[in-house]
Amino acid sequence: MAQRPTIVRLDEFELTISHPDKLIWPELEITKLDYVQILAELAPYLLPYSTGRYLTTIRFPEGIHGTSFYQKNCPKPTPDYVRTAQDGSIRYVVMDSVPTLLWMGSLYSLEFHVASDEIANVLPNTWMLDIDPTLKDEPRLMEATSLVGQLLKSLGLHAIPKTSGATGVQIVMPIERGPDFDKLRRFGKFVSEYLVAQHPKLFTVERMTKDRGDLIYLDYLQHYAGKTLPAPYSPRARPGATVSTPISWEEVQLNVKPTDFHLLNIRQRLRAQGDILSTAPRQSLADIINQIP
């Protein structure tokens, strides 16, 4: 028997959800309607990190175990409330409102990857370093994360780690505008190569997976104009319904895992402690970058 559509209402906004009972994460019994309702609660935390940036989504029309595809161009037909931005031949969604987020969720967009660069400003306001394990299950991940944090602290800097929602961690540092992406890449290269020199049995900057062995890749190249990473609080299309989640340095010391944070517990976490990434101070990197040889 065909499922009857369900209408989701949020103030004056209404969205018709077809196939509301379709299982998207079957292992956790998360339906399409469940997912859209969870996104509504995540919206105040996720939208600040997608607003003003080009959006790439990954859509799974049959749930996480079905066929998937990346989407950059805005789906059609496009509702009036969805803002878009043109970049070359691509008309991107600008996910800056709750209706837009819920619409994307209703289209089975299960991951939200945002560009490092902002649409309206060429100078970045964030520095990031992607910690990417080569091993599928890496017990040293939080040790590696801690070492990056310790190095930044020794430079007088404070950053926030966030799980990727997959196997890795991204170090996120809000910065004062000034250095361009090339200068930020110099800083990332300095940090990464220093850590490789200090911990050669743990870290690598080898881009090719075949050349890494079991080392953890410090990817300072991924934070650059046109490149994307999962937005904070983006779900991931994995069996555990993991969510890319900012974590504290105390949690790093407790050796938490990316799988600890998922769609079924993220709302309780946010209600209890809010978005810890939003409390990170904005710092200047200009002086440090100018001292790098």
Validation row: His262, Arg238 side chains within 4.5 angstrom (heavy atoms): no

No-hydrogen, no-angle side-chain donor-acceptor test under 3.5 Å, Lys257 and Thr163: no

Salt-bridge contact Arg207-Asp219 (side-chain N to carboxylate O under 4.0 Å): yes

Under 3.5 Å donor-acceptor, Ser109 side chain and Ser106 backbone: no

Tyr92 and Tyr54 aromatic ring geometry - parallel, tilted or perpendicular at 30°/60° bounds: tilted

Verdict with supporting geometry, Leu129 and Val148, side-chain contact (heavy atoms from CB on, under 4.5 Å): CA-CA 9 Å; Leu129 179 65; Val148 176; 4.0 Å; yes

Donor-acceptor contact below 3.5 Å, side chain Asn73 vs main chain Ile90: no

Within one Ile-Leu-Val-Met-Phe-Trp-Tyr cluster: Tyr49 and Met173, side-chain cutoff 4.5 Å: no

Heavy-atom closest contact (Pro246 atom, Arg269 atom, distance): O-NH2, 3.0 Å

Thr259 vs Thr242 side-chain heavy atoms within contact, under 4.5 Å: yes

Single-linkage hydrophobic cluster, 4.5 Å side-chain cutoff, Phe112 and Val82 together: yes

Pairing of Glu14 and Arg9 as salt bridge, 4.0 angstrom limit: yes

Any donor-acceptor pair under 3.5 Å from Lys32 side chain to Ser18 backbone: yes

Audit row: Glu206, Leu215, side-chain contact (heavy atoms from CB on, under 4.5 Å) steps and yes/no: CA-CA 9 Å; Glu206 289 288 348; Leu215 300 177; over 6 Å; no

Donor-acceptor contact below 3.5 Å, side chain Gln283 vs main chain His158: yes

Ile289 side chain reached by Leu184 side chain, heavy atoms, under 4.5 Å: yes

Within-4.5 Å side-chain heavy-atom neighbours: Phe60 and Ile24: no

Nearest atoms (heavy-atom pairs only) where Leu46 meets Ser234: CD1-N, 4.1 Å

side-chain contact (heavy atoms from CB on, under 4.5 Å) assessment of His65 paired with Glu27: CA-CA 10 Å; His65 298 302; Glu27 290 85 355; 2.7 Å; yes

Joint cluster assignment, Val169 & Val172, ILVMFWY side-chain distance < 4.5 Å: no

OH/Tyr81: more than 12 non-hydrogen atoms of other groups inside 6.0 Å: yes

ILVMFWY cluster, Tyr45 and Ile247 together (side-chain gap under 4.5 Å): no

Distance-only donor-acceptor check, side chains Gln150 and Ser154, under 3.5 Å: no

Student check: side-chain heavy atoms of Asp182 and Tyr224 closer than 4.5 Å: yes

Considering all heavy atoms, the nearest Ser50-Met95 contact: OG-O, 2.7 Å

Atom pair CG (Leu285) and NZ (Lys183), whose distance is rounded to the nearest 0.5 Å: 12.0 Å

Atom of Ile17, atom of Val36 and distance for their closest heavy-atom approach: CD1-CG2, 3.9 Å

Backbone N/O of Thr84 and side chain of Arg91: donor-acceptor pair under 3.5 Å: no

Test item: side-chain donor near acceptor, Ser244 and Lys162, under 3.5 Å: yes

Distance, nearest 0.5 Å, that separates CG of Leu42 from CG of Leu263: 7.0 Å

Derivation and outcome, salt bridge (Lys or Arg N to Asp or Glu O under 4.0 Å), residues Arg282 and Glu176: CA-CA 6 Å; Arg282 199 166 292 283; Glu176 296 176 4; over 6 Å; no

Thr245 side-chain N/O to Phe261 backbone N/O, donor-acceptor pair under 3.5 Å: no

Check: Glu111 side chain, Pro230 main-chain N or O, donor-acceptor pair, under 3.5 Å: no

Side-chain touch Ser248/Gln273, heavy atoms, less than 4.5 angstrom: no

Gln198 side chain near Leu147 side chain, heavy-atom distance below 4.5 Å: no

Heavy-atom check, side chain of Ile131 versus side chain of Ile171, under 4.5 Å: yes

Non-neighbouring partners of Asp96 that pass side chain to side chain donor-acceptor pair (under 3.5 Å), sequence neighbours left out: Arg83

Considering all heavy atoms, the nearest Gln222-Ser116 contact: O-OG, 3.8 Å

Distance (rounded to the nearest 0.5 Å) between Asp132 CG and Thr167 OG1: 5.5 Å

The single option from Trp127, Phe181, Phe187 passing ring-ring contact (aromatic ring centres under 6.0 Å, His included) against His223: Phe181

Donor-acceptor contact present, side-chain Ser164 to main-chain Ala166, <3.5 Å: yes

Spacing of CE belonging to Met142 relative to CD belonging to Gln253, to within rounding of 0.5 Å: 10.5 Å

hydrophobic_cluster_shared for Trp249 and Val191, side chain cutoff 4.5 Å: yes

Euclidean distance, Ser68 OG relative to Glu62 CD, rounded to 0.5 Å: 11.5 Å

Donor-acceptor contact below 3.5 Å, side chain Gln86 vs main chain Gly88: yes

Closest heavy-atom pair and its distance - Pro5, Pro20: CA-CD, 4.4 Å

Neighbour count >12 (heavy atoms, 6.0 Å) for atom CG, Asp137: no

Check: Lys189 main-chain N/O paired with Ser192 side-chain donor or acceptor under 3.5 Å: no

Intermediate values then yes/no, side-chain contact (heavy atoms from CB on, under 4.5 Å), Leu47 and Thr100: CA-CA 10 Å; Leu47 291 177; Thr100 301; over 6 Å; no

Separation between CZ of Phe190 and CG of Leu195, rounded to the nearest 0.5 Å: 9.0 Å

Arg212/Glu138 under salt bridge (Lys or Arg N to Asp or Glu O under 4.0 Å): CA gap, chis, key distance, verdict: CA-CA 14 Å; Arg212 297 181 200 166; Glu138 176 53 86; over 6 Å; no

Residues, nucleotides or ligands: over 12 heavy atoms within 6.0 Å of Phe13 CZ: yes

